[in-house]
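All chains are named by letter (A, B, ...) in the order of the sequence lines, taking the proteins before the strands, and each is independently numbered beginning at 1. This is a predicted model, so every value here is computed, not measured. All heavy atoms count here, side chains included; hydrogens, waters and symmetry mates do not.
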Amino acid sequence: MVSTGVARTRFTSVPYRSFVKRIGVVALNLWIVWHFFAICTAPASIPPSTELARSAWRKCSGYLQLLYLNHGYHFFAPQPGGSTLLSYEVTRADGSVHWDRRPNREYWPRLRYHRHFLLTEHMAAMFQARPDLKPLIVETYAAEVARQNEGASVVVSHVQHELSTPDQYRSGRPLDDPITYNELWLGEFRWKQP
Amino acid sequence: MEATVTRRLSKHVGRRWRLICDAWNRFWYQPDDPIAICLLRIVTGLVLLYTLAVWTLDLSAFFGNRIGWQAERLVSQLQADQWAFSFWWFVPDGYLWLAHAVCIAVVLALTIGLWTQVTKFATFVICISYANRIPMAHFGLDQVTAAWLLYLCLSPCGARLSVDQWLRRRRNPSAEKQPPPDLKCSAARLTMRMVQVHLCVIYFWAGVSKLQGESWMSGEAIWWIASNYEHQHASMTWLAYVPWLYQILTIGTWVWEVAFPFLIWNRWLRLPMLIVGIGMHAGIGIFLGLWPFALIMICGYISFVPTAMLNQWLETLTIAMRRRQTPLEAAIVDQPPPTVVLPVASAVATEPEPLRETTNFPSQLALSTSPNQDAIPCVDRNDAFALNEANHLNSDHATHKQAGAIAITPRVVRRIKKVKPMFVENDRDNMVLFVERSARRRCSLIRALEDYGYRCIGLDAWPETIEVYNVLKPRCIMCNGYRTPASELRFWRSQLDEREDSVFVVLVEPQYVSQITSDDGRTVGVAVPASFEQICAALDGTGRPSGGDPPPRPIAAPDDAGDDQADQIFSLSTRNRPR
């Protein structure tokens, strides 16, 4: 094997590599191809998509999930829509009532605000994608709201904020006009000490 | 005949195949300098550190297993049958803070380049663990950070700009005398290429997914993003009045994203493509407040910058930083020569004053006043000139005529190109900060006040004025308050009130003079148009220090008729301006 390599380096510019290294390089090349193929299957399989793309993604999904690469990269696509908020009313043991809405624009720094905003945005998305999980999501959020506010009971609502058209804005309607917020009751929960 | 054709065809195909293989190998594995990936490591590490720091504010709310926004019961349902690993599932609620602190320490170690062979893998695991633990609160920032960290795991990302490199040099001092080793390696090239291709994949699919949306095709999508009250950080609602602009931005966004993977490989189009990309992400940062995401995307662009250029920038930066070293740091060499005693003309040097102590080189100030400068060891003529200049600034001290002697330790010094002028107390008392947007007015009044005996600094905006004030602490601040709300003036006044004897002169409309002028006389309103006499009276009237006779006051013009320089704020004419 060694003599073959020496003979090869004599006549070509390709450096000599041992058999193991050559196998390693081939494996590395195959991994590069597989890696980017797998990364492309994730956004390609998002509906509307072909069955071919979805089946290819199913083959790669384990690899993508393991390396945290299973992403669609659909930033503000296909349609930038209105935002979703979580409104709640907490009643404490002493009878005082506290009302608030998440995300609160006073959260600082901006990344913290954005994390809370993502919670409510993903909540709305999950209501569509996994309706079976809706009660669990609402209950989990209500429990956290009650814990943070030391509430005895909490009423949570799902708030959809509609967007304004340029004409509506030009005619004087502010972006946070109360008329653009549509509130949907999600449930009332009582805090039970575990 | 057939055999010949087959032989030629196979030979041609074989040659083509080898060319393709060569091109593939060059693309992925041609050895390259690791400077780009080391910069990528630093920026990615900083962004991840910031992300973790922000998590500190809500750690138990998001990462609490029993109760929290992402409680274990919910996340286990969401991630059922998924290969989503997170070490947080093994951390009890009582140890959240400890685990978080360890994670921050590991990421910090990677950022500074400490034990990178281990910390790069650990940081990648940390990044995906945080993201997988909160599946309903992660977004593009976490996705891209994890991708860059994955590629950094393949590379020698601690080869340069790292503590590891410093430790290696320290362990082997003889290596410093040798020429720097050639650090080029295939792994560096592979990592850069992976980042580049991954960026292309991200942009391509981001662009293609937008083609499915009606608003992206009709040109309204940017308006919908701009008008989303919860998303917006800075208002973009002015776009409602320029519909053509948001339509161009909408179409331009997806065109650029789709074209990126194809045009970025052209050397002539690369720079424009990257500039547009930086502009787009800067817009995301400014208007949506997603600066960490913008930064992590832009830091991926480092992989497109030639390593020779990065090295050149780094070298320039290093030289600039060396120049910015303090004179003492630049001057001292480790071997101090024996002490000698030289006569000096100034007694000030025998008693170092606070100002001199802050400059850190009292002995050098003393040196410059020596009657025999040729006797000064190791100080060249440039240094002597500079030191004389520094001493000149201290000439206001009344004691500078006294003689004395000082023991100094002459040291081998490098050339000191420039000594920053320092202000003594009298200068601060005579100093006027003048805030005025108009450059013409600013310059004319500065010249007049300088000739009158004040040291004057003109500024065109308040934030800079505050910064300068905090450094110099001058006695007088003057501003043009014409058409400025009194509340705003009061606010800025409150920011500039550290000195008890400070004077705040405001040029305002006549009807607001009494409103602006304070009872203690430290805030003085001067009606516009104000004459130079009035301005000087306002500045002088509150106790100008008696540091000698001021130069003759310019003669005020009796009226401003026909005055070419007069305006509605103050009148400095060609006749009454001091010469």
Side-chain angles (χ1 to χ4, degrees), chain A residues 25 28-29 32 35-36 39-40 43-44 46 48 61-63 65-69 71-83 85 103 105 109-119 122-123 126 130 133 136-137 140-141 143-144 147-148 161 163-166 169-170 175-176 194, chain B residues 24 28 50-51 54 57-58 61-62 66-69 71 73-74 77-78 82-85 127-128 131-132 136-140 143 146-147 150 194 197-198 201-202 205-206 208-210 212-216 221 223-225 227-233 237 239-241 243 289-292:
Chain A
V25 170
L28 186 57
N29 287 333
I32 291 170
H35 176 77
F36 285 111
I39 287 174
C40 287
I46 292 176
S61 60
Y63 171 79
Q65 287 160 4
L66 190 68
L67 293 180
Y68 189 62
L69 294 167
H71 314 302
Y73 304 123
H74 283 33
F75 305 117
F76 295 108
Q79 198 79 9
S83 45
L85 299 96
R105 283 180 73 87
R110 180 73 180 178
L111 182 57
R112 187 184 176 213
Y113 166 83
H114 203 73
R115 296 284 187 195
H116 284 267
F117 183 36
L118 285 164
L119 279 177
H122 275 115
M123 177 186 77
M126 292 305 291
R130 296 282 301 273
L133 288 181
L136 182 58
I137 293 171
T140 307
Y141 282 19
E144 178 57 20
R147 186 188 71 85
Q148 286 188 4
H161 188 187
L163 301 177
S164 302
T165 63
Y169 182 76
R170 280 196 297 265
L175 297 180
D176 58 343
Chain B
W24 173 274
W28 291 104
Y50 177 70
T51 309
V54 172
L57 302 171
D58 283 314
F62 277 87
R66 207 163 53 80
I67 298 173
W69 295 115
R73 204 154 56 100
L74 172 63
Q77 289 283 323
L78 287 170
Q82 284 188 20
W83 292 41
F85 168 78
C127 183
I128 65 169
N132 282 328
M136 290 176 74
H138 71 135
F139 69 114
Q143 299 166 5
L150 170 66
M194 297 291 271
V197 177
H198 201 118
V201 171
I202 291 174
W205 286 107
V208 168
S209 63
K210 288 178 175 64
Q212 299 168 1
E214 192 186 329
S215 62
W216 285 101
W223 166 255
W224 295 125
I225 297 169
S227 64
N228 191 319
Y229 183 68
E230 278 71 34
H231 263 302
Q232 72 169 217
H233 183 56
T237 45
L239 280 173
Y241 300 96
L290 297 173
W291 274 114

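- No other option in A/Pro103, A/Ala143, A/Ala77 has as many heavy-atom pairs under 4.5 Å with chain B as A/Ala77.
- No part of A/Tyr63 comes within reach of chain B, as not one of its non-hydrogen atoms sits under 4.5 angstrom from that chain.
- For the atom pair OH of A/Tyr141 and CE of B/Met136, the computed distance is 3.0 Å after rounding to the nearest 0.5 Å.
- Of the two parts of B/Leu57, the backbone and the side chain both hold a non-hydrogen atom closer than 4.5 Å to a non-hydrogen atom of chain A.
- At a 4.5 Å heavy-atom cutoff, the contact between A/Arg130 and chain B is made by side-chain atoms alone.
- With a 4.5 angstrom heavy-atom cutoff, A/Ser164 touches chain B only via backbone atoms.
- For the atom pair SG of A/Cys40 and CH2 of B/Trp205, the computed distance is 6.5 Å after rounding to the nearest 0.5 Å.
- Contact of A/Met126 with chain B is made through the side chain alone, with heavy-atom distances under 4.5 Å.
- Residue with the most contacts toward chain B among A/Arg110, A/Met123, A/Gln65: A/Arg110 (heavy-atom pairs, distance under 4.5 Å).
- Contact annotation for A/Ser61: neither backbone nor side-chain heavy atoms come within less than 4.5 Å of a heavy atom of chain B.
- We find the CZ-NE2 distance between B/Phe139 and A/His122 to be 10.5 Å, quoted to the nearest 0.5 Å.
- Between chain B and the residues A/Gly81, A/Ala44, A/Gly82, the largest count of heavy-atom pairs under 4.5 Å involves A/Ala44.
- For A/Ile46, no part lies under 4.5 angstrom from a heavy atom of chain B.
- A/Arg170 touches chain B through backbone and side chain together, each having a heavy atom under 4.5 Å away.
- Between B/Glu230 and the choices A/His114, A/Arg105, A/His161, the side-chain hydrogen bond (donor to acceptor under 3.5 Å, both in side chains) rule is met once, by A/His161.
- The distance from the OH atom of B/Tyr229 to the CG atom of A/Asp176 is 4.0 Å, given to the nearest 0.5 Å.
- Residue B/Trp224 touches chain A through both its backbone and its side chain, counting heavy-atom pairs closer than 4.5 Å.
- Of the listed residues (A/Leu28, A/Thr140, A/Leu119, A/Leu66), the one with the most heavy-atom contacts under 4.5 Å to chain B is A/Leu119.
- For A/Leu69, the part sitting under 4.5 Å from any heavy atom of chain B is the side chain, from C-beta outward, and nothing else.
- Side-chain atoms of A/Arg115 come within 3.5 Å of backbone atoms of B/Ala137 as a donor-acceptor pair (strictly under, hydrogens ignored).
- We find the NE2-CD1 distance between B/His198 and A/Ile39 to be 4.5 Å, quoted to the nearest 0.5 Å.
- Atoms CG and CZ, from B/Leu290 and A/Phe75 in turn, are 10.5 Å apart once rounded to the nearest 0.5 Å.
- Both the backbone and the side chain of A/Arg112 come within contact range of chain B, with heavy atoms under 4.5 Å apart.
- Contact annotation for A/Phe36: only side-chain heavy atoms (C-beta onward) come within less than 4.5 Å of a heavy atom of chain B.
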